[in-house]
Amino acid sequence: DSGVTQTPKHLITATGQRVTLRCSPRSGDLSVYWYQQSLDQGLQFLIQYYNGEERAKGNILERFSAQQFPDLHSELNLSSLELGDSALYFCASSVGSTYGNTIYFGEGSWLTVV
Amino acid sequence: AQSVTQLGSHVSVSEGALVLLRCNYSSSVPPYLFWYVQYPNQGLQLLLKYTSAATLVKGINGFEAEFKKSETSFHLTKPSAHMSDAAEYFCAVSGYSGGGADGLTFGKGTHLIIQP
């Protein structure tokens, strides 16, 4: 158990809908990262937050957004969903925000868009 | 920018044989390198991390990796494979860009198959 908690574990929704994935980082970690894992794209870095502020952006679509709240939990919002958004979404956390930090991953949220 | 190349999307070894999973990286800054393992239907678990303190890094479950700067490689090895090692293995490099970390850049993964 990495200490990173993600909900829900599985989600099935229809195209055009909006979903929210939730993440609680490890106790004491200030950085939260979101990754997408799909068969064709592999593991893609989406976005990073540090202590409530956006820190770095990766390959995140404009239809997707995230935020980190004062209690440090984070949410990833996916809207206008398409079939291609079906993937495993990971949240991860680390103590700091500089490169070289060890990043710990949650179990992931499986999203299926039908 | 940084990138990771894992040679071989599938590697098959016999139980008890040497495991060698290859990883080459490219980084514009001194790299931090990681190996993660993903068991079926599970998240990513950290196996080991290179931090420049030592070129040979020991991880969990008997795995180790050697950093070779001249070859820009960070190959993962285990002397004797066990059936429980069957999983997907990912090599990753820590990035740096502008004012903050870019998280990790992952290779495409290597599926390790253990033959009885």
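Only heavy atoms go into these numbers, but all of them, side chains included; no hydrogens, no water, no symmetry mates. Here is how names work: the chains are called A, B, and so on, in the same order as the sequence lines, proteins then strands, and each is numbered from 1. Here the structure is a predicted model, which means the values were calculated and not measured.
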Separation between CD of B/Q45 and CZ of A/F105, rounded to the nearest 0.5 Å: 12.5 Å
About how many Å separate CZ of B/F106 and OH of A/Y35, when rounded to the nearest 0.5 Å? 5.5 Å
Sort by residue number and list every member of residues 31-38 of chain B having a non-hydrogen atom under 4.5 Å from chain A. B/Y32, B/F34, B/Y36, B/Q38
When you group the ILVMFWY residues by side-chain heavy-atom contacts below 4.5 Å and let the links chain together, are B/F74 and B/L76 in the same group? yes
Is it the case that atom CD in A/E53 sees more than 12 heavy atoms from other parts of the structure closer than 6.0 Å? no
CD1/A/I12: more than 12 non-hydrogen atoms of other groups inside 6.0 Å: no
Decide whether A/L76 and A/V19 are clustered together by the hydrophobic rule: side chain heavy atoms of Ile, Leu, Val, Met, Phe, Trp, Tyr closer than 4.5 Å, transitively. yes
Please classify the contact between B/F90 and chain A as side chain, backbone, both or neither, with a heavy-atom cut-off of under 4.5 Å. side chain
Whatever's closer than 4.5 Å to a heavy atom in chain B on A/S2 counts as neither
With chain B as the partner chain, list the residues of residues 82-93 of chain A whose heavy atoms fall under 4.5 Å from it, by residue number, and write 'none' if nothing qualifies. A/L88, A/F90
Any idea which of A/Q6, A/Q44, A/Q37 has the most non-hydrogen atom pairs under 4.5 angstrom with chain B? A/Q37
Which atom pairs, one a donor and one an acceptor, fall under 3.5 Å between side chains of residues 54-67 of chain B and the rest of the protein, sequence neighbours left out?
unit_1 : atom_1 : unit_2 : atom_2 : d
B/K58  : NZ     : B/E64  : OE1    : 2.8

B/L44 portion near chain A, given a 4.5 angstrom heavy-atom threshold: both
Table please: side-chain donor-acceptor pairs of residues 6-22 of chain B below 3.5 Å, with sequence neighbours left out.
unit_1 : atom_1 : unit_2 : atom_2 : d
B/Q6   : OE1    : B/C91  : N      : 2.9
B/Q6   : OE1    : B/G109 : N      : 3.1
B/Q6   : NE2    : B/Y89  : O      : 3.0
B/Q6   : NE2    : B/T110 : OG1    : 3.3
B/S12  : OG     : B/Q115 : NE2    : 3.1

So how far is it from A/L39 CG to B/K108 NZ, rounded to the nearest 0.5 Å? 11.5 Å
Side-chain heavy atoms under 4.5 angstrom apart, residues restricted to Ile, Leu, Val, Met, Phe, Trp, Tyr: same cluster for A/L78 and A/W34? yes
Grouping I, L, V, M, F, W and Y whenever their side-chain heavy atoms are under 4.5 Å apart, do A/V32 and A/Y50 come out in a common cluster? no
In this structure, would A/L81 and A/L11 fall into the same cluster of hydrophobic residues linked by side-chain contacts under 4.5 Å? yes
